[in-house]
Amino acid sequence: MHAIVIAAQGGPEVLEYVERPDPAPGDGEVVVDVAASGVNFIDVYHRSGAYPLPLPSVIGSEGAGVVSAVGSGVRDVAVGDTVAWAGVMGSYAEKAVVPAARVVPVPDGVPAELAAAVMLQGMTAHYLTHSTHEVKPGDTVLVHAAAGGMGQLLTQLAKLRGAKVIGTTSTDAKEKLAREAGADEVLRYDDFAEALRGTVDVVYDGVGATTFDGGLEALRRRGLMALYGAASGPVPPVDPQRLNRAGSLFLTRPTLVDYVADRDELLWRASDLFGWIASGQLRVNVSHRYPLAEAARAQEDLAARRTTGKLLLIP
């Protein structure tokens, strides 16, 4: 099989398309013939060294495909099942080894590519809108980078729960995408804080350094900042007294692993997402598909913000 391996951390040039022996499943594991792998900012962090990895490593942590082998002790997954996963390294490959406890069944009405596209970002959007802050009818929600794959999913899920959604984008073309996803208002990054000062119930910020201060200004008294990413760079250390002075604000830095640690919770989130996709209530915008061998180009496009929607690698 072929896979994308890094032997050192650095720029896109360290991503190597190599041939490796076909894997075999261990106890409690399955081997999946990968139909599609998701491309995410966390992959860039793994490649660059922002998040250390043992080397060499096959990178990528999201995908979907058909099970081709099962290890001993696997009871609920069989050869021929279509499954999806997130948070498991080794997904930029033609075949991936995944713990059976981490895969979720993909129903017949959902194509494997869409399942791969929605696992990491979709479940992140689910926990942010259903658990980190349970969005309620009438809430005012600010979604940064609303035209991106994550932003479009967050916008749709917040709207499903009855919120007013305000998005930020950088261009008119991206504003159009945010509005198509359901955003009620769309602002630019340079003026959102002034326009929204003290009016927002929750800020969903995956941008980080360049939007964090403005997001705090936009929050109402006792509002919540959910800082789930850092696409523009990490946020510097925060003095807790800032939250006090700004109106007893709440700040959280959540991550998906803590919201799917229980298998029942994992299945709940995935089942909701697949159900909404099958019923047409959730639209997943797969904007770019790349051959597996072009993983470096996919990551470059993602990091440079040349894309909107979800990026997939197709083996």
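Computed from heavy atoms alone, side chains included, the values below leave out hydrogens, waters and symmetry copies.
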Subject >> salt bridge (charged side-chain N to carboxylate O under 4.0 Å, His left out) partners of Arg161, counting only residues at least two apart >> reply: Glu134

Original post:
With no hydrogens and no angle check, is any side-chain donor or acceptor of Glu217 less than 3.5 Å from a backbone partner on Ala193?
Top reply: no

Original post:
Is it true that a side-chain atom of Gln9 and a backbone atom of Tyr51 form a donor plus acceptor pair closer than 3.5 Å?
Top reply: yes

**OP:** Answer whether the closest heavy-atom distance between the side chains of Arg242 and Asp213 falls below 4.5 Å.
**Re:** yes

**OP:** Go through Met225 and Leu249 one step at a time and tell me if the side-chain contact (heavy atoms from CB on, under 4.5 Å) criterion holds.
**Re:** CA-CA 8 Å; Met225 165 69 75; Leu249 302 181; over 6 Å; no

Original post:
How long is the span from the CZ atom in Arg305 to the OG1 atom in Thr171, to the nearest 0.5 Å?
Top reply: 11.5 Å

Original post:
Does one hydrophobic cluster hold both Leu282 and Met123, with members joined at side-chain heavy-atom distances below 4.5 Å?
Top reply: yes

Original post:
Would you say Val135 and Tyr204 make side-chain contact, with heavy atoms under 4.5 Å?
Top reply: yes

**OP:** Flag yes if Phe250 and Leu227 sit in one hydrophobic cluster, no otherwise; membership is Ile, Leu, Val, Met, Phe, Trp, Tyr, and two members link when side-chain heavy atoms are under 4.5 Å apart.
**Re:** no

Subject >> Heavy-atom closest pair, residues Asp43 and Gly38 >> reply: OD2-O, 3.5 Å

Original post:
In this structure, are over 12 heavy atoms from other groups packed under 6.0 Å from Arg75 atom CZ?
Top reply: no

Original post:
Partners of Ser57 by side chain to side chain donor-acceptor pair (under 3.5 Å), sequence neighbours excluded?
Top reply: none

Original post:
Does Thr210 reach the main-chain N or O of Ser232 with its side chain, forming a donor-acceptor pair under 3.5 Å?
Top reply: no

Original post:
For Asp172, what residues pass the salt bridge (charged side-chain N to carboxylate O under 4.0 Å, His left out) criterion, not counting sequence neighbours?
Top reply: Arg188

Original post:
Taking all atoms of both residues into account, what is the closest heavy-atom pair of Ala125 and Thr129, and its distance?
Top reply: O-OG1, 2.8 Å

Subject >> Any residue meeting side-chain contact (heavy atoms from CB on, under 4.5 Å) with Pro107, in chain and number order, not counting sequence neighbours >> reply: Val110, Phe274

Subject >> Val141 side chain reached by His133 side chain, heavy atoms, under 4.5 Å >> reply: no

**OP:** State, without any angle test, whether Arg220 and Thr140 hold a side-chain donor-acceptor pair at a distance under 3.5 Å.
**Re:** no

Subject >> Spacing of Asn40 atom CG and Gln299 atom CD [to the nearest 0.5 Å] >> reply: 9.5 Å

Original post:
When rounded to the nearest 0.5 angstrom, what distance separates CD1 in Ile277 from CG in Leu114?
Top reply: 6.0 Å

Subject >> Within-4.5 Å side-chain heavy-atom neighbours: Ile59 and Met89 >> reply: yes

Original post:
Are Val88 and Pro99 close enough that some pair of their side-chain heavy atoms sits under 4.5 Å apart?
Top reply: yes

Original post:
Out of Leu154, Thr255, Val207, which one pairs with Tyr228 under the side chain to side chain contact (heavy atoms under 4.5 Å, CB included) rule?
Top reply: Leu154

**OP:** Kindly compute the distance separating OH (Tyr290) from CG (Leu312), expressed to the nearest 0.5 Å.
**Re:** 10.0 Å

Subject >> Arg47 (side chain) donor-acceptor with Ile6 (main chain) under 3.5 angstrom >> reply: no

Original post:
For His2, which residues count as a ring-ring contact (aromatic ring centres under 6.0 Å, His included) partner, sequence neighbours excluded?
Top reply: Tyr17

**OP:** Would you check if Val31 and Pro25 make a side-chain contact, meaning some heavy-atom pair closer than 4.5 Å?
**Re:** yes

**OP:** Compute whether any side-chain donor of one residue and acceptor of the other, for Asp33 and Ser68, lie under 3.5 angstrom apart.
**Re:** yes

**OP:** Supply the atom-to-atom distance Lys164 NZ to Lys159 NZ, rounded to the nearest 0.5 angstrom.
**Re:** 9.5 Å

**OP:** Would you please test Thr307 and Asp301 for side-chain hydrogen bond (donor to acceptor under 3.5 Å, both in side chains) and show each step?
**Re:** CA-CA 6 Å; Thr307 63; Asp301 288 349; over 6 Å; no

Original post:
Do the side chain of Gln152 and the main chain of Ala147 share a donor and acceptor less than 3.5 angstrom apart?
Top reply: yes

Original post:
Can you name the nearest heavy-atom pair linking Pro105 to Leu267, along with the distance?
Top reply: CD-CD2, 4.0 Å

**OP:** Given side-chain contact (heavy atoms from CB on, under 4.5 Å), test Val103 with Val30 step by step and report yes or no.
**Re:** CA-CA 9 Å; Val103 301; Val30 299; 4.2 Å; yes

Original post:
Are Leu256 and Leu273 connected in a single hydrophobic cluster, I mean Ile/Leu/Val/Met/Phe/Trp/Tyr linked by side-chain heavy atoms less than 4.5 Å apart?
Top reply: yes

Original post:
Taking the side chain as C-beta and beyond, is there a heavy-atom pair between Thr82 and Asp108 under 4.5 Å?
Top reply: no

Subject >> Verdict with reasoning, Val260 to Tyr127, per side-chain contact (heavy atoms from CB on, under 4.5 Å) >> reply: CA-CA 9 Å; Val260 294; Tyr127 84 69; over 6 Å; no

Original post:
Going by atom types only, do Tyr259 and Thr132 share a side-chain donor-acceptor pair under 3.5 Å?
Top reply: yes

Subject >> Closest non-hydrogen atom pair between Ala35 and Pro315, with its separation >> reply: O-CD, 3.6 Å

**OP:** Report the distance from atom NE2 of His126 to atom CG of Leu153, rounding to the nearest 0.5 Å.
**Re:** 12.0 Å

Subject >> Ser61/Leu120 under side-chain contact (heavy atoms from CB on, under 4.5 Å): CA gap, chis, key distance, verdict >> reply: CA-CA 8 Å; Ser61 59; Leu120 192 149; 4.1 Å; yes

Original post:
So, for Ala163 and Asp184, which heavy atoms are closest and what is the spacing to 0.1 Å?
Top reply: O-OD2, 4.0 Å

**OP:** Group every Ile, Leu, Val, Met, Phe, Trp and Tyr by side-chain heavy-atom contacts under 4.5 Å, then state whether Leu251 and Val202 land in the same group.
**Re:** no

Original post:
Do the non-hydrogen side-chain atoms of Leu128 and Met150 ever get within less than 4.5 Å of each other?
Top reply: yes

Original post:
Any link between Phe212 and Tyr189 through a network of hydrophobic side chains (Ile, Leu, Val, Met, Phe, Trp, Tyr) touching at under 4.5 Å?
Top reply: no

Original post:
Taking the six-membered ring for Trp, are the ring centroids of His144 and Phe192 within less than 6.0 Å of each other?
Top reply: yes

Original post:
Which atom names give the shortest non-hydrogen contact between Glu62 and Met119, and what distance separates them?
Top reply: OE2-N, 3.3 Å

Original post:
So, the side chain of Asp81 versus the backbone of Val83: is there a donor-acceptor pair under 3.5 Å, distance only?
Top reply: no

Original post:
What residues form a salt bridge (charged side-chain N to carboxylate O under 4.0 Å, His left out) with Asp272, not counting sequence neighbours?
Top reply: none

Original post:
Would you say Arg289's side chain and Ile314's backbone share a donor-acceptor pair under 3.5 angstrom?
Top reply: no

